[in-house]
Structure formats: C-alpha cells, structure tokens
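Read through the structure below, which is laid out as structure tokens, and then see the notes.
Note that this is a predicted model, so its numbers are computed, not measured. Letters A, B, ... mirror the listed sequences (proteins, then strands); counts begin at 1.
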There are 2 protein chains.
Amino acid sequence: MAKDDPEQTVTRAHLQQMITFRVSRLHARLNAQANRILKESSDLSLMQWRVFVTLETMGKITPSEIIRQTNLDKGQLSRAIKSMLDRGLISSETCESDQRAHYIDFTPKGLEHFNRARPHMRARQERLMGSLTPDEQRELFNALQKLDAVVDEMDGKE
Amino acid sequence: MAKDDPEQTVTRAHLQQMITFRVSRLHARLNAQANRILKESSDLSLMQWRVFVTLETMGKITPSEIIRQTNLDKGQLSRAIKSMLDRGLISSETCESDQRAHYIDFTPKGLEHFNRARPHMRARQERLMGSLTPDEQRELFNALQKLDAVVDEMDGKE
DNA sequence: ACTTTTTAGTTGACGCGTCAACTAGTCTTG
DNA sequence: CAAGACTAGTTGACGCGTCAACTAAAAAGT
C-alpha cells in the first residue's frame with residue numbers, strides 16, 4: 001500500500017469491494033498458478049490432479065461418486081477420465097452390481113505422476129495457508145462457507 | 001450406494017480444505033449467478049457490467065486505464081468494448097494527446113441498461129455481504145488480500 | 001534525428017467450464 | 001413384469017478466459 005496514491009485507493013474501491021470480483025480475480029490467479037505447477041512437475045491438468053486427490057482420499061471410486069463429493073461437472077469429469085485412461089494414468093473396472101458405472105483407480109504410472117506433483121502442490125498449499133494465521137484461516141473458510149450457503153438460498157434452493 | 005455417513009465429512013475434507021478448490025467452486029457459482037441476473041435484468045455480460053461499474057466510478061476513461069485498475073484481460077476487454085460500441089452502449093472518443101488511445105463513456109442507452117441492472121446487482125451484493133457480520137467481512141477481505149499478496153510473491157514478483 | 005523500448009489496442013488460437021441432449025442401465029410401483 | 005422415473009456416463013455446442021503475436025503510436029536513449 002506504500003505507493004498507492006489517494007486516487008487509486010478511491011477508484012479501486014468500487015470494483016474491489018465486490019466479492020464476486022475479488023473472488024474471480026483470486027480464482028484466476030490461483031488457477032493459473034496451479035496449472036503451471038502441475039504442468040511443470042507432472043504434466044497433469046488441474047482436473048486430473050483433482051481426480052487423483054479424490055482417488056487418494058476415497059480409494060477406488062466411480063465418477064458419479066466423485067461428482068457427489070466435489071460438485072465437479074459431469075462432462076468435464078468424463079472427459080478428464082477418458083484422457084487419463086488413454087494415457088494409462090488410471091485403470092477402469094466395470095462395476096458388477098451396476099453395469100452403467102465403473103470404478104476407477106490409480107495405475108502405477110498414474111501414482112507416479114501424482115507423487116511427482118504432490119510435494120509441489122503441498123508446498124504451495126502450505127505457503128498459501130501459511131500467509132494466514134490459524135484464526136484467519138478459520139475465518140476465511142467460515143466466510144467461504146457462509147457465502148456458499150447464501151448462494152444456495154438465493155439460487156432457489158430455499 | 002453410499003449415503004450420508006460420518007465418513008463423508010472426512011472424505012470431503014481433503015479437497016474442500018484446499019483453498020484453490022473452494023475459491024474455484026465459489027467463483028463458479030457467483031459467476032453463474034451474476035450472469036443470470038444480468039441477462040435477465042439488462043442483457044449485459046458480466047464483462048460489460050464491469051466496464052460500466054468502472055465507468056461509473058472513474059468517468060470517461062481509456063481501456064488501458066481500466067486494465068490498470070482492474071487487471072482485466074486486454075483482449076477480453078477490447079472485445080467487450082467493441083461489442084458495446086456496436087450495440088451503442090458506450091461512446092468512443094479518440095484521445096488527442098495520444099492517437100493510440102480512446103476514451104469511452106456511457107451513452108444514454110448504456111446508462112439505461114446499467115440502471116436496469118443496478119438495483120438487482122446491488123441487492124445481490126447486499127445479500128451476499130449481509131450473510132457476514134462486519135467482522136467477518138473484514139476478515140474475508142483481509143484474507144483475500146493476503147492470498148493475493150502471497151500469490152504475487154510466489155509468482156516471481158519477489 | 002534515429003533507433004530502441006515501451007505502451008495502446010486488436011486479433012487469432014485454443015483450452016476450459018457450462019449446459020443440455022442423449023443412450024443405456026437400474027429402480028419403483030402399479 | 002411392464003411403464004415411467006431416475007441415475008451413470010458420454011457427447012456436442014458454445015462462450016469465456018488466457019495467452020501470444022501483431023500493428024501502430026509514443027517515449028526514451030544515444
């Protein structure tokens with residue numbers, strides 16, 4: 001804030017005060033950063049990374065279950081999985097109890113990619129969160145959650 | 001198959017704890033909401049709305065100045081302005097001191113569109129922020145700013 | 001004055017996110 | 001067990017955001 005002249009502080013105020021705008025800008029930057037790190041470290045897309053994170057936490061899983069857990073887009077996920085199968089990053093096993101569904105899981109190759117990305121992604125996560133005190137972290141997540149909730153309300157789920 | 005059990009709380013934790021993911025999801029929802037409201041109320045895109053907000057706060061202004069203030073994308077802004085000119089929502093006046101630049105400003109028609117959107121957008125903004133106490137609001141903006149700053153650091157501007 | 005560097009703005013390419021339509025398998029309920 | 005409703009997953013269309021290349025004008029360096 002050192003070099004900001006008074007004009008800027010005023011003029012910036014309006015748009016900068018709108019959370020949609022702030023969130024949008026932050027999103028763009030975080031996104032770009034994550035993509036860059038993933039590309040450099042492991043040749044994964046952010047989507048693919050997220051599939052892996054989900055696999056890691058939940059183990060062998062079906063796409064629809066991933067969607068339930070993450071709210072990712074159906075189509076987007078479907079394509080990501082397809083490309084991961086093509087590249088041999090995950091394996092697919094059709095579910096016997098439901099012929100529509102299939103379980104996906106790490107392949108050794110996929111795990112290797114994931115493990116190459118992991119330290120970088122973890123370091124990033126820690127650096128990001130490290131810029132906030134535990135209190136600030138709680139407040140941030142709290143606020144994000146409340147905003148999520150109010151969007152729910154507004155978008156008809158009331 | 002899996003329904004609500006305590007496990008879910010745990011399994012959700014991993015991805016949900018990552019701010020990039022949280023921010024990304026919230027961004028998507030806020031974005032969709034804003035676009036819907038704008039479309040319904042005034043047939044403006046979010047980008048066009050943002051141009052108007054900037055015009056309102058800063059008055060007649062050049063695109064490059066908008067970029068300086070908002071960090072919007074050059075190309076995106078250029079196209080938005082073009083479409084707004086085509087639709088007669090803004091006027092353009094070439095800058096005499098710099099032949100490359102041009103000032104843009106509201107036309108009556110543009111102002112009308114803006115004014116139609118405004119109450120809805122304001123109501124939304126207030127409802128969003130209204131879900132947070134003043135303290136929480138401060139904490140949220142504080143956290144967003146710190147995250148912005150740490151991304152700056154990480155992305156080489158150090 | 002003239003060459004180089006910076007800045008304003010435009011354009012094209014391309015991938016991602018979003019939405020809706022669609023197929024196919026499964027569940028429900030009479 | 002048949003008809004409709006629901007769920008899993010795929011595909012296509014399309015707009016938006018992102019990045020880089022490009023033109024043209026202005027500033028800065030020599």
Looking only at side-chain atoms of [X], point me to the closest of [options].
X: A:Arg79; options: D:dG9, C:dA8, C:dT18; value: C:dT18
X: A:Gln99; options: D:dT11, C:dG9, C:dT26; value: C:dT26
X: A:Ser78; options: C:dT26, C:dT10, D:dT10; value: D:dT10

I'd like to know if [X] and [Y] make a salt bridge, using a cut-off of under 4.0 Å between side-chain N and carboxylate O.
X: A:Arg122; Y: A:Glu126; result: no
X: A:Arg116; Y: A:Asp43; result: no
X: A:Arg68; Y: A:Glu65; result: yes

| request: Could you pull out all residues at least two apart from A:Glu56 that satisfy side-chain hydrogen bond (donor to acceptor under 3.5 Å, both in side chains)? | output: A:Arg118
| field | Contacts of B:Ser64 that satisfy side-chain hydrogen bond (donor to acceptor under 3.5 Å, both in side chains) - sequence neighbours left out | value | B:Thr62
| request: With heavy atoms under 4.0 Å as the rule, sort B:Gln76 into base, sugar-phosphate or nothing. | output: base
| query | Looking across every strand, which nucleic acid part, if any, lies under 4.0 Å from B:Asp73 by heavy atom: base, sugar-phosphate, or nothing? | reply | base
Please write out each protein N/O paired with an N/O of nucleotides 5-7 of chain D under 3.5 Å, distance rounded to 0.1 Å.
| residue | atom | partner | partner atom | Å |
| --- | --- | --- | --- | --- |
| D:dT7 | O2 | A:Arg100 | NH1 | 2.1 |

| Has A:His102 got a side-chain N or O lying under 4.0 Å from the OP1 or OP2 atom of D:dA8? | no
| message | Closest-nucleotide mapping onto DNA chain D: is B:Asp98 or B:Asn31 further toward the 5' terminus? I mean the 5' end. | response | B:Asn31
| note | Residue pair A:Lys82/A:Ala32 against DNA chain D: nearer the 5' end by closest nucleotide is A:Lys82
